[in-house]
Chemist: 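Provided herewith is a single structure, encoded as structure tokens, for subsequent inquiry.
Hydrogens, waters and symmetry mates play no part in the numbers below; they use all other heavy atoms, side chains included.
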Amino acid sequence: MNISRRTFAAASLIGSAALLGGSSAQAKIPLKKRVKLGIASYSYWHFKTEKYPIEKVIDKACELGVEGVDILHRQMESEEPAYLQKIKRHAFVNGVDLICLSIHQNFVSPDPEFLKKQIEHTKHCIELAYAMGIPAIRLNSGRWNTVDFDRLMELRGEEPPLEGYKEDDAFKWCIDSIQQCLPKAQECGVILALENHWGLSRTPEGLLRIANAIESPWLGVLADTGNFMEDPYDKLKQIAPKTVMIQAKTYYGGGEWYTLDLDYKRIANIFEEAGFRGYVSLEYEGKEDAETAVPKSLEVLREAFE
């Protein structure tokens, strides 16, 4: 009997499936996608010392077996094209993805000219991310800036508004500003990942008020595990369904501003139940030397998420 190669291959597959216990459909084994880990370059530089080079963070990620690096914009040495391409190449040859560009901008101001500059800065950062092959930028809502950051931490993130204005005004400015950035985000294929990063987004209600007001696949939520100071688990659960990336805080040696004792197995379960499958980027914010604290932190995250 003359059997074609294709028929023989098909019969072999069916036979193999039968040996495994039934039909070919029954033989399919569902695979659980593994969450990938990243390191935020901020883990090695907390604004208080000489900048830690992005290239060295990439080297550390490679040595520690971490798949991605989350770049802090203010930590970059330059915005010149040669530098951007140098970083991009260095990541590629070391087998490390560049996963996010964490920027600073502020969409809370009654001054139209100020907001225009913030919008243009955000668009510029989208283009920087695009040039480096980075698929997301960390976005802030912005805050009133009526107190300095140290005082803000003392106030547990609560900040009085500018005299004569209300939070409703600030939400309108923020939502309008983000909407003006979205065409550039879509053009470049860069997701705007809005973080629970003080200001309007310091509560899940504030963060979701902004995220739910804008219907776009190019806007998502970046969940920072350390920026909900009280009842973090309930609050993270509220924002988990819209989360596209996680920044996971650890505080070995005590935090730079405060310390939280976070149960990462509990956090991992919250995001798994929400169907999260994105990157978890370590943001080490403790006083212990990063050389020893980052590896310990990664082990905690590996055990919890993987």
Chemist: Are Tyr264 and Leu64 linked, directly or through other ILVMFWY residues, by side chains that come within less than 4.5 angstrom of each other?
Modeler: yes
Chemist: For Lys296 and Glu299: C-alpha separation, side-chain torsions, deciding distance, then whether salt bridge (Lys or Arg N to Asp or Glu O under 4.0 Å) applies.
Modeler: CA-CA 5 Å; Lys296 289 192 294 188; Glu299 286 308 306; over 6 Å; no
Chemist: Which residues pass the side-chain hydrogen bond (donor to acceptor under 3.5 Å, both in side chains) test with Glu230, not counting sequence neighbours?
Modeler: Arg156
Chemist: Whether the His121 and Gln105 side chains hold a donor-acceptor pair (N or O, under 3.5 Å, no angle test) is what I'd like checked.
Modeler: no
Chemist: Between Thr146 (side chain only) and Pro160 (backbone N and O only), is there a donor and an acceptor less than 3.5 Å apart?
Modeler: yes
Chemist: Could you check Val294 against Tyr252 for side chain to side chain contact (heavy atoms under 4.5 Å, CB included), going step by step and ending with a plain yes or no?
Modeler: CA-CA 9 Å; Val294 166; Tyr252 289 103; over 6 Å; no
Chemist: Counting only heavy atoms not in Phe149, do more than 12 fall under 6.0 Å of its CZ?
Modeler: yes
Chemist: Would you please name every residue forming a side-chain hydrogen bond (donor to acceptor under 3.5 Å, both in side chains) with Asp176, sequence neighbours left out?
Modeler: Lys172
Chemist: Using 0.5 Å steps for rounding, measure from the CD atom of Gln186 to the SG atom of Cys181.
Modeler: 13.5 Å
Chemist: In terms of heavy-atom contacts, does NZ of Lys123 have more than 12 from other residues, nucleotides or ligands at under 6.0 Å?
Modeler: yes
Chemist: Measure the acute angle between the ring planes of Phe276 and Phe271, then classify it against the limits of 30° and 60° as parallel, tilted or perpendicular.
Modeler: perpendicular
Chemist: Quick one: does any side-chain atom of Tyr52 pair with a main-chain N or O of Ser43 as donor and acceptor, under 3.5 Å?
Modeler: no
Chemist: Check for me whether the distance between the ring centres of Phe47 and Trp45 falls short of 6.0 Å.
Modeler: yes
Chemist: Got a sec: does the NZ of Lys51 have more than 12 other heavy atoms crowding it under 6.0 Å?
Modeler: yes
Chemist: Under a 3.5 Å cutoff, is there a donor and acceptor pairing between the side chains of Tyr42 and Glu285?
Modeler: yes
Chemist: Could you state whether Phe305 and Tyr233 fall into the same hydrophobic cluster, counting links through intermediate Ile, Leu, Val, Met, Phe, Trp or Tyr residues with side-chain heavy atoms under 4.5 angstrom apart?
Modeler: yes
Chemist: Please confirm whether Arg209 makes a cation-pi placement over Phe171, using NZ or CZ under 6.0 Å from the six-membered ring centre and within 45° of the ring normal.
Modeler: yes
Chemist: With distance as the sole test, does Asp169 use its side chain to make a donor-acceptor pair with the main-chain N or O of Lys166 at under 3.5 Å?
Modeler: yes
Chemist: Please answer whether the main-chain N or O of Gly286 pairs with a side-chain N or O of Tyr284 as donor and acceptor at a distance below 3.5 Å.
Modeler: yes
Chemist: Quick one: do Leu222 and Val244 satisfy side chain to side chain contact (heavy atoms under 4.5 Å, CB included)? Show the steps, please.
Modeler: CA-CA 6 Å; Leu222 194 162; Val244 296; 5.7 Å; no
Chemist: Return the CG to CG distance between Leu139 and Leu101, rounded to the nearest 0.5 Å.
Modeler: 11.0 Å
Chemist: Taking Tyr83 for the side chain and Glu77 for the main chain, is one N or O donor matched with an acceptor at less than 3.5 Å?
Modeler: yes
Chemist: Can you check whether Trp144's main-chain N or O pairs, donor with acceptor, with Glu159's side chain at less than 3.5 Å?
Modeler: yes
Chemist: Hey, do the aromatic rings of His73 and His124 have their centres closer than 6.0 Å?
Modeler: no
Chemist: Sub-3.5 Å donor-acceptor pair from the side chain of Glu67 to the main-chain atoms of Leu37, do we have one?
Modeler: yes
Chemist: Stepwise, does the salt bridge (Lys or Arg N to Asp or Glu O under 4.0 Å) test hold for Glu273 with Lys237?
Modeler: CA-CA 9 Å; Glu273 288 174 4; Lys237 188 172 183 178; 5.0 Å; no
Chemist: Short question: side chain of Lys242, backbone of Asn212 - any donor-acceptor pair under 3.5 Å?
Modeler: no
Chemist: Working note: Lys184 + Glu127, criterion salt bridge (Lys or Arg N to Asp or Glu O under 4.0 Å); need CA distance, chi angles, decisive distance, verdict.
Modeler: CA-CA 8 Å; Lys184 175 60 70 174; Glu127 291 177 338; 2.9 Å; yes
Chemist: Please say yes or no: joined through hydrophobic side-chain contacts below 4.5 Å, possibly via intermediate residues, are Ile267 and Tyr258 part of one cluster?
Modeler: yes
Chemist: Would you sort out whether Tyr251 and Trp257 count as a ring-ring contact (aromatic ring centres under 6.0 Å, His included), showing the intermediate values?
Modeler: CA-CA 10 Å; Tyr251 304 92; Trp257 289 275; over 10 Å; no
Chemist: Do the side chain of Arg143 and the main chain of Trp198 share a donor and acceptor less than 3.5 angstrom apart?
Modeler: no
Chemist: Using the side-chain hydrogen bond (donor to acceptor under 3.5 Å, both in side chains) criterion, which residues pair with Thr292? Sequence neighbours excluded.
Modeler: Glu288
Chemist: Determine whether the side chains of Gln247 and Ser281 contain a donor N or O and an acceptor N or O closer than 3.5 Å.
Modeler: no
Chemist: Do we see a donor-acceptor contact under 3.5 Å between the side chains of Asn140 and Ser201?
Modeler: no
Chemist: If two hydrophobic side chains count as joined below 4.5 Å and joins carry through other members, does Ile210 share a cluster with Tyr165?
Modeler: yes
Chemist: Please determine whether side chain to side chain contact (heavy atoms under 4.5 Å, CB included) holds for the pair Leu72 and His104, giving the CA-CA distance in whole Å, both sets of side-chain angles, and the decisive distance to 0.1 Å.
Modeler: CA-CA 9 Å; Leu72 181 63; His104 289 81; 3.8 Å; yes
Chemist: Counting distance only, does the side-chain N/O of Asp224 pair as donor-acceptor with the main-chain N or O of Gly226 below 3.5 Å?
Modeler: yes
Chemist: Working to the nearest 0.5 angstrom, can you tell me the gap between Cys100 SG and Ile134 CD1?
Modeler: 7.5 Å
Chemist: Taking NZ in Lys117 as the centre, count heavy atoms belonging to other residues, nucleotides or ligands within less than 6.0 Å. Is the count above 12?
Modeler: no
